[in-house]
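Each remark here refers to the structure printed beneath this line.
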There are 2 protein chains.
Amino acid sequence: MIAEQVSTKTLIKQRAAVLFRDNGFPATSMRQLAKEVGLEAPSIYSHFRSKEEILKTIVFEVAGQFFKTALPIYEDVSVSSLTKLTLLVHSHIQVIADNIDSVAVFFHDWRHLDKPNLDNFKHQRHQYEKIFLDTIQKGISEGVFREADTKFVALTLFSTMNWTYEWYNPSKNIDPKHLADNLCDVILKGILK
Amino acid sequence: MIAEQVSTKTLIKQRAAVLFRDNGFPATSMRQLAKEVGLEAPSIYSHFRSKEEILKTIVFEVAGQFFKTALPIYEDVSVSSLTKLTLLVHSHIQVIADNIDSVAVFFHDWRHLDKPNLDNFKHQRHQYEKIFLDTIQKGISEGVFREADTKFVALTLFSTMNWTYEWYNPSKNIDPKHLADNLCDVILKGILK
DNA sequence: CCTACCGATCGGTAGG
DNA sequence: CCTACCGATCGGTAGG
């Protein structure tokens, strides 16, 4: 009984992520979603209290994934800044590749969260960015990275990583490890010969 | 009389860009937009045939801007691949900085274009990407850029440039020229010392 | 450019 | 998990 409920809830979440990704959160109706899951619209409300709660669940599950993989790397004192940054990029890309639909929603539709959730989201994002910022900063002060505006470098790194959800197709393209390798290569060494 | 109509149309376009940017196209209502412009909702329909036509106008005006600045650079045979790429990055960033609201709509809401416009958009985007792709390809074959997957390098470059609309604030941050310089610096030489 | 209004669809509830 | 249904709001039209 409980197992079946969890399974339906997960199904709703997964189908919602695909619909949100394709059409955006506001343009997706509960009727559409219900149809996709094989239910009537009101039945969804026995699993989620509102449309926004589905969005909230998706967004914060992705946030949790990002933290879960990045924190252990961040806190490991035995590796160099360079290795640490490389590992962070790999874990970030892996999370994106493992959850493309949800991640697209995460990057696209967080704007539609309601007030307390929106603030929570921004706070968590800031915390996460700090992980990369600190690592880059440390690398610069150790002389392994070039002298540069830390914030700008971090922003550039995030740009490169986060745009992947726009075009990356796990089933068609190269695997996440190669993607992350290529990405590190370009960002670390540049494209100049 | 005609001048006033043009001015109202432009005003609608500008306010729409801001609303679409903040709330997304589907979440913005014609009533909201009308209020922002100081009209009643039906009055908008004397300037645009539909909500989608406003989106279409914004998106393709931005596309036009991108082409207008990039094409002369692309076709100039007197400059090296390196200079050409640098100039292309500068012009691309300049267009983003000059039209932040419209550009955000361009990157975010093109998905909501209807069929013929959607195809047209994708075609134009592909043509534009080709400008950068060709330039990188030429630079590689001339030995000025490192041997690498051209498509991946172009994608990385676009990622870096296009993510800027998410955080760049022309009134607060550094000016577009410096932004483009920093961006070229990182993408060309990397962050490694 | 406005008033008056349309059919359709929205998120969500009541009650079982 | 369903049927029946709610008030609100949507994009858009008619007619002036």
Side-chain angles (χ1 to χ4, degrees), chain A residues 1-59 105 109-118, chain B residues 1-59 105 109-118:
Chain A
M1 204 82 84
I2 288 172
E4 268 173 26
Q5 273 184 24
V6 168
S7 162
T8 302
K9 188 166 185 174
T10 305
L11 187 65
I12 294 172
K13 224 167 43 193
Q14 288 171 344
R15 297 290 157 87
V18 175
L19 287 174
F20 293 170
R21 164 176 205 169
D22 289 345
N23 312 317
F25 175 74
T28 304
S29 76
M30 294 299 262
R31 269 114 178 141
Q32 254 181 293
L33 173 55
K35 203 170 193 178
E36 212 69 42
V37 183
L39 294 174
E40 294 302 319
S43 305
I44 296 178
Y45 290 87
S46 24
H47 299 281
F48 294 93
R49 255 173 303 176
S50 66
K51 193 185 170 189
E52 200 238 357
E53 200 180 66
I54 305 178
L55 176 63
K56 183 185 110 182
T57 306
I58 293 172
V59 166
V105 176
D109 285 319
W110 59 266
R111 295 153 221 268
H112 298 108
L113 288 170
D114 288 341
K115 203 61 217 296
N117 297 327
L118 184 61
Chain B
M1 206 78 88
I2 289 172
E4 268 173 25
Q5 273 186 24
V6 168
S7 161
T8 302
K9 189 166 184 173
T10 306
L11 187 65
I12 294 172
K13 224 167 45 192
Q14 287 170 346
R15 297 290 157 86
V18 175
L19 287 173
F20 292 170
R21 167 180 199 163
D22 289 346
N23 311 316
F25 174 74
T28 303
S29 77
M30 294 300 261
R31 270 114 177 141
Q32 254 180 292
L33 174 55
K35 202 170 193 175
E36 212 68 42
V37 184
L39 294 175
E40 294 301 321
S43 303
I44 297 178
Y45 289 87
S46 24
H47 298 280
F48 293 94
R49 255 173 302 180
S50 66
K51 192 185 171 189
E52 200 240 356
E53 200 182 65
I54 305 178
L55 176 64
K56 182 186 111 181
T57 305
I58 294 172
V59 165
V105 175
D109 285 318
W110 58 267
R111 295 151 222 269
H112 299 108
L113 289 169
D114 289 341
K115 204 59 217 298
N117 297 326
L118 183 62

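Just so we're on the same page: letters track the sequence lines, and every chain starts at 1. All figures in this text were calculated on a predicted structure; none of them were measured in a lab.
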Just so I know, are the side chains of [X] and [Y] near enough to count as touching, which here means a heavy-atom distance under 4.5 Å?
| X | Y | value |
| --- | --- | --- |
| Leu33(A) | Lys51(A) | no |
| Ile44(A) | Val37(A) | no |
| Leu19(B) | Lys35(B) | no |

Among Glu52(B), Lys56(B), Glu53(B), find the one that has a side-chain hydrogen bond (donor to acceptor under 3.5 Å, both in side chains) with Asn117(B).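 It is Glu52(B); the other options fail the test.
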First locate atom CG of Leu55(B), then atom CZ of Phe25(B), and finally report the distance between them rounded to the nearest 0.5 Å.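 So the gap between those two atoms works out to 5.0 Å.
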Calculate the interatomic distance between [X] atom [atom1] and [N] atom [atom2]; express it in whole Å.
| X | N | atom1 | atom2 | answer |
| --- | --- | --- | --- | --- |
| His47(B) | dT13(D) | NE2 | P | 16 Å |
| Arg49(A) | dT13(C) | CZ | C1' | 15 Å |
| Leu55(B) | dG11(D) | CG | P | 13 Å |
| His112(A) | dG11(C) | NE2 | P | 13 Å |
| Glu52(B) | dC10(D) | CD | C1' | 17 Å |
| Tyr45(B) | dG15(D) | OH | P | 18 Å |
| Ile44(A) | dG12(C) | CD1 | P | 10 Å |
| Leu19(B) | dG11(D) | CG | P | 12 Å |

The side chain of [X] is closest to which nucleotide in this list: [options]?
| X | options | value |
| --- | --- | --- |
| Pro42(B) | dA4(C), dC10(D), dC1(D) | dA4(C) |
| Glu40(A) | dC2(C), dC2(D), dC1(D) | dC2(D) |
| Leu39(B) | dC2(C), dG12(D), dC10(C) | dC2(C) |

Reading DNA chain D from 5' onward, which residue's closest nucleotide shows up sooner: Arg31(A) or Ala41(A)?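 Its nucleotide being nearer the 5' end, the pick is Ala41(A).
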Closest-nucleotide ordering on DNA chain D, the 5'-leading residue of Ser50(B) and Ser43(A):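 Result of the comparison: Ser43(A).
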Partner of dG15(C) by Watson-Crick or G-U wobble geometry, both contacts under 3.5 Å, or none?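 Base partner found: dC2(D).
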For dC10(C) and Ser29(A) - does any side-chain N or O of the residue sit under 4.0 Å from the phosphate oxygens OP1/OP2?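 Ser29(A) to dC10(C) OP1/OP2: side-chain N or O found under 4.0 Å.
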